[in-house]
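The first residue of the sequence shown is numbered 1, and numbering continues consecutively from there.
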Amino acid sequence: YSLKEQFESLFFCFFSGLPTSTVTVTPDSPVFTGETVNLKCVINSDHSNWRYEWHKHSVILQTSERYTVNRDTLTIRGATESDQGQYWCKGQIDGRPNSSTSSSLSLSVKDLKPKPELTSDPAGAALTGNTVTLTCRVDPSTGNWDSYWYKHTLNPETEKKKTNSYSLKIDSVSDGGQYWCRAGRGKPVYYTQYSDALWVNVTVFPKAVVTVRPDERVFRGETVTLRCDIKWGGDTEWTYRWEIEGTNNQYKNTVSRTSTQELNISSVDLSHRGKYTCTGQIHTQSSQRSDAVTLTVSAEAQASVRVSPQPWLTEGESVTLICEVSGSSKGWTFSWFRDHDHLSDSSRGAGGSYTLSPAALQHTGVYTCRAERGRPAYYTHNSSSQTLWITGVSASVSLVINPSRSQHFSSDSLSLSCEDQSNSTGWTVRRYTDKDTQTCAKQTGSGCVMDSLSTYDTGVYWCESESGEKRHPRNITVHDGEVILESSVDPVIEGETLTLHCLHRSTNSPILSADFYKDGSLIQNQTTGEMNITTVSKSHEGFYYCKTERGQSLHSWISVRVRGQISVLKILSFLLAASPHLLATVVLLYKCYRARVSSAEDQSQYAVTEEETSI
């Protein structure tokens with residue numbers, strides 16, 4: 001048609017009311033070489049008996065090898081760059097002289113296939129238990145595409161998605177690997193190039209761990225810090241989520257979010273009790289939730305003190321005071337007090353114990369302790385008092401017990417007396433029980449007789465002078481059971497033999513079969529009811545008891561003295577009591593002896609040096 005003819009036709013259509021027509025293209029222009037392109041002539045009319053003509057520029061198109069004209073649809077198979085141009089259509093109804101002509105559509109054909117870009121969110125390593133979103137992006141100016149997804153496996157599988165994103169649930173490390181995509185459209189499907197491969201690196205997601213300072217069991221008013229730690233090799237900073245399941249309905253299922261690792265409670269109270277868990281988050285990924293840590297809040301802390309082995313001892317022996325906080329053992333440091341004065345050497349109390357070795361007379365007193373922990377410091381209440389009695393060593397005065405053993409049956413009789421080798425007078429038997437300190441009820445001179453013992457007579461007995469000197473304290477234990485342990489009331493000298501018997505009430509003689517224990521552990525089983533330890537050493541010190549089918553004895557502390565130390569003290573005490581001049585003579589002879597030994601040692605050392613030099 002000439003330009004004049006087209007203008008006349010359009011003028012006629014405008015004034016005669018002919019319907020308008022348009023051309024649509026599938027897929028959207030531009031298209032790519034090799035694609036199948038469908039152009040459709042759409043006439044806005046209620047009539048269906050239109051005849052269609054397709055035109056490229058001024059050429060009428062007919063069905064050919066690459067073109068198919070099917071009424072209102074023109075199909076171009078295997079589009080090439082030569083198919084670019086202006087396409088339009090014309091519709092005509094038989095019996096009418098005029099037709100409906102569309103405006104032209106410009107079809108663009110590109111030779112280079114598009115290549116999508118594949119990205120992941122979140123980027124970087126993926127954690128198991130999370131979801132990674134893959135996005136296959138094609139230049140939006142090229143139209144609409146479907147996405148096809150691939151994973152590098154032995155048998156690659158293809159999955160078509162109408163959207164350009166793919167949600168990958170990471171359940172295990174095997175879900176990682178190499179992924180890529182390409183886009184497609186049309187029938188038959190026309191594919192873009194493949195995207196570059198994207199590696200999804202999967203790491204087993206770490207588990208958060210909650211730690212509590214100072215302890216999971218705390219006391220009202222303490223400062224508590226809960227910390228969420230995640231073992232993670234990367235440099236990424238985590239954010240944290242705390243969950244609290246409280247025991248109080250007001251705090252039930254309370255959720256707290258914080259960007260820091262630590263949850264601080266400045267003054268804890270009962271409302272903070274509950275189970276605490278945390279998780280870490282990096283972008284949209286989360287760590288495993290921690291195991292729950294139960295925070296227990298109790299009333300104010302109370303320190304308590306106990307003594308081992310016993311609160312009554314002779315100078316030169318060892319004693320340990322132990323300070324404990326009921327129900328809690330973590331993070332405490334301890335301070336010790338004697339007669340309300342703070343002890344400057346409390347460093348010996350590290351770990352809650354305070355040891356006096358050797359104990360001296362000046363260590364006698366009333367001891368208390370206090371514990372503290374945290375910053376700012378939280379202090380317990382002071383412990384109840386514990387009295388230590390340290391008496392001097394005196395060879396001239398000793399407490400004689402008959403029968404000579406530390407354990408006795410109730411209802412039996414017992415006699416005690418103070419024997420004075422220097423023939424001085426004024427010594428009486430005193431005792432300390434759970435009630436108080438008192439003089440023996442039936443005192444006869446320097447002796448004491450108890451006709452019928454009871455458990456109330458259990459305590460420490462010693463000799464005391466008129467001036468208040470205390471000597472030779474010994475433990476007496478009264479048992480109302482059927483079995484007692486027979487052991488010496490005096491310490492065993494190192495190197496000697498320790499003999500123990502298991503006695504029965506009815507016979508007061510050794511039981512044929514008995515088990516002997518030290519510090520709670522079985523050490524011997526004897527069919528004679530007697531146990532001997534030859535060549536005793538300090539390692540044999542401890543609490544001993546015996547057990548039979550008839551019952552179990554109480555515990556007795558067996559003390560071991562170093563040979564020589566006590567004997568020298570006894571000799572010096574005896575010499576002093578006998579004659580001060582004799583004591584001075586012995587001391588002078590001892591100094592001469594030590595000087596001669598020292599001279600001999602120096603000469604021996606010199607001889608060795610000369611020998612080494614000659615070699």
Side-chain angles (χ1 to χ4, degrees), residues 20-44 52-57 59-91 100-121 123 132-151 156-168 179-198:
T20 59
S21 57
T22 56
V23 176
T24 62
V25 60
T26 305
D28 295 337
S29 180
V31 298
F32 298 89
T33 56
E35 276 197 274
T36 296
V37 181
N38 291 301
L39 293 95
K40 188 170 185 178
C41 186
V42 179
I43 300 176
N44 186 19
Y52 297 89
E53 286 184 1
W54 282 96
H55 300 258
K56 180 183 179 184
H57 301 298
V59 178
I60 297 177
L61 299 175
Q62 302 291 336
T63 298
S64 63
E65 182 179 351
R66 293 180 50 250
Y67 288 85
T68 298
V69 176
N70 183 12
R71 299 189 72 246
D72 62 346
T73 302
L74 169 64
T75 301
I76 305 173
R77 292 181 298 277
T80 64
E81 289 184 288
S82 63
D83 294 318
Q84 292 186 129
Q86 301 292 322
Y87 290 81
W88 54 278
C89 68
K90 183 172 72 173
S100 174
T101 303
S102 71
S103 58
S104 62
L105 180 142
S106 178
L107 181 65
S108 175
V109 180
K110 293 187 176 182
D111 181 51
L112 183 63
K113 288 184 176 183
K115 182 178 180 179
E117 178 186 12
L118 180 59
T119 58
S120 66
D121 183 28
V132 174
T133 300
L134 303 178
T135 301
C136 191
R137 182 181 180 278
V138 184
D139 185 351
S141 66
T142 61
N144 297 320
W145 300 82
D146 293 329
S147 297
Y148 294 81
W149 301 91
Y150 302 85
K151 181 182 179 183
E157 295 183 359
T158 302
E159 185 172 355
K160 177 182 176 182
K161 293 286 184 181
K162 291 296 183 181
T163 61
N164 65 344
S165 64
Y166 181 76
S167 293
L168 180 63
Y179 289 81
W180 64 93
C181 72
R182 63 177 176 172
R185 65 185 181 186
K187 293 184 179 179
V189 178
Y190 173 82
Y191 294 102
T192 65
Q193 299 182 64
Y194 285 99
S195 69
D196 291 333
L198 175 70

Asker: Report the residues that fulfil side-chain contact (heavy atoms from CB on, under 4.5 Å) with L134, sequence neighbours left out, ordered by chain and then residue number.
Answerer: L118, S120, V132, W149, Y166, Y179, L198, V200
Asker: Spell out, as yes or no, whether a donor-acceptor pair under 3.5 Å connects the side chain of T192 to the backbone of A183.
Answerer: yes
Asker: What pairs with T73 under side-chain contact (heavy atoms from CB on, under 4.5 Å), at least two apart in sequence or on another chain?
Answerer: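 Testing T73 for side-chain contact (heavy atoms from CB on, under 4.5 Å), a comparison that skips the adjacent residues, returns N38, K40, T75.
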Asker: Sort and list the pairs that fulfil salt bridge (Lys or Arg N to Asp or Glu O under 4.0 Å) and have at least one residue in residues 59-76, not counting sequence neighbours.
Answerer: R66-D83
Asker: May I ask you to decide if C89's main-chain N or O and S102's side chain share a donor-acceptor pair within less than 3.5 Å?
Answerer: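 Checking the backbone N and O of C89 against the side chain of S102, a donor-acceptor pair under 3.5 Å is found.
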Asker: Find the distance between CZ (R137) and OG (S195) and round it off to the nearest 0.5 Å.
Answerer: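 If I round to the nearest 0.5 Å, the distance is 13.5 Å.
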Asker: Determine whether L107 and V31 make a side-chain contact, defined as any pair of heavy atoms from C-beta on separated by less than 4.5 Å.
Answerer: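 Yes. Closest side-chain heavy atoms under 4.5 Å.
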Asker: Minimum heavy-atom separation for K56 to S82, with atom names?
Answerer: NZ-O, 2.7 Å
Asker: Heavy-atom distance under 4.5 Å between the side chains of Y148 and V189, does that happen here?
Answerer: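 Touching, per the 4.5 Å side-chain cut-off.
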Asker: Would you check if P114 and D139 make a side-chain contact, meaning some heavy-atom pair closer than 4.5 Å?
Answerer: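 Not in contact.
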Asker: Going from CG on L39 to CD1 on I76, what distance comes out if it is rounded to the nearest 0.5 angstrom?
Answerer: 5.5 Å
Asker: Heavy atoms, side chains only, cut-off 4.5 Å: are Y52 and I43 in contact?
Answerer: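 The answer is yes; the side chains approach within 4.5 Å.
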Asker: Quick one: pull up SG in C136 and CD in E117 and give me the separation to the nearest 0.5 Å.
Answerer: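 Reported value, rounded in 0.5 Å steps: 9.5 Å.
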Asker: What pairs with Y67 under ring pair (Phe, Tyr, Trp, His ring centres under 6.0 Å), at least two apart in sequence or on another chain?
Answerer: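 In terms of ring pair (Phe, Tyr, Trp, His ring centres under 6.0 Å), with neighbours along the sequence ignored, Y67 is linked to no residue.
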Asker: How about K110 and E81: do any of their side-chain heavy atoms sit closer than 4.5 Å?
Answerer: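 Side chain of K110 against side chain of E81, heavy atoms only: no contact under 4.5 Å found.
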Asker: Can you list everything that forms a side chain to side chain donor-acceptor pair (under 3.5 Å) with T142? Sequence neighbours excluded, please.
Answerer: W145
Asker: If you define the side chain from C-beta out and look only at heavy atoms, does anything of T68 sit under 4.5 Å from L74?
Answerer: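 SC-SC contact between T68 and L74 ruled out.
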Asker: Using 0.5 Å steps for rounding, measure from the CD atom of Q86 to the CG atom of L105.
Answerer: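 One finds 7.5 Å between CD of Q86 and CG of L105.
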Asker: Would you mind telling me which of V23, T63, I60, V59 makes a side chain to side chain contact (heavy atoms under 4.5 Å, CB included) with W54?
Answerer: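 When V23, T63, I60, V59 are each tested with W54, the side chain to side chain contact (heavy atoms under 4.5 Å, CB included) holds only for V23.
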Asker: Would you say the side-chain atoms of S21 and S100 include a donor-acceptor pair closer than 3.5 Å?
Answerer: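 There is such a pair between these side chains.
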Asker: Atom OG in S141, atom CG in D28: separation rounded to 0.5 Å?
Answerer: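 Interatomic distance, S141 OG to D28 CG, rounded to 0.5 Å: 10.5 Å.
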Asker: Any side-chain heavy atom of R185 sitting closer than 4.5 Å to one from P27?
Answerer: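 R185 vs P27: side chains touch.
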Asker: Against the six-membered ring of Y191, is R182 placed for a cation-pi contact (under 6.0 Å from the centre, within 45° of the normal)?
Answerer: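 Yes - R182 lies over the ring of Y191, closer than 6.0 Å to its centre and within 45° of its axis.
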Asker: Can you tell me if D121 has over 12 outside heavy atoms packed within less than 6.0 Å of its CG?
Answerer: yes
Asker: Do side-chain atoms of Q84 reach the backbone of V109 as a donor and acceptor pair under 3.5 angstrom?
Answerer: yes
Asker: My understanding is that only residues two or more places apart in sequence, or in another chain, count here; which of them pass salt bridge (Lys or Arg N to Asp or Glu O under 4.0 Å) with K115?
Answerer: D196
Asker: Flag the pair C181 / S147 as yes when at least one side-chain heavy-atom distance between them is below 4.5 Å, and no otherwise.
Answerer: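 Counting from C-beta outward, C181 and S147 never come under 4.5 Å.
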Asker: Angle between ring planes, W180 versus Y150, binned at 30° and 60°: parallel, tilted or perpendicular?
Answerer: parallel
Asker: Is T135 reaching over with its side chain to a backbone N or O of T119, donor-acceptor style, under 3.5 angstrom?
Answerer: no
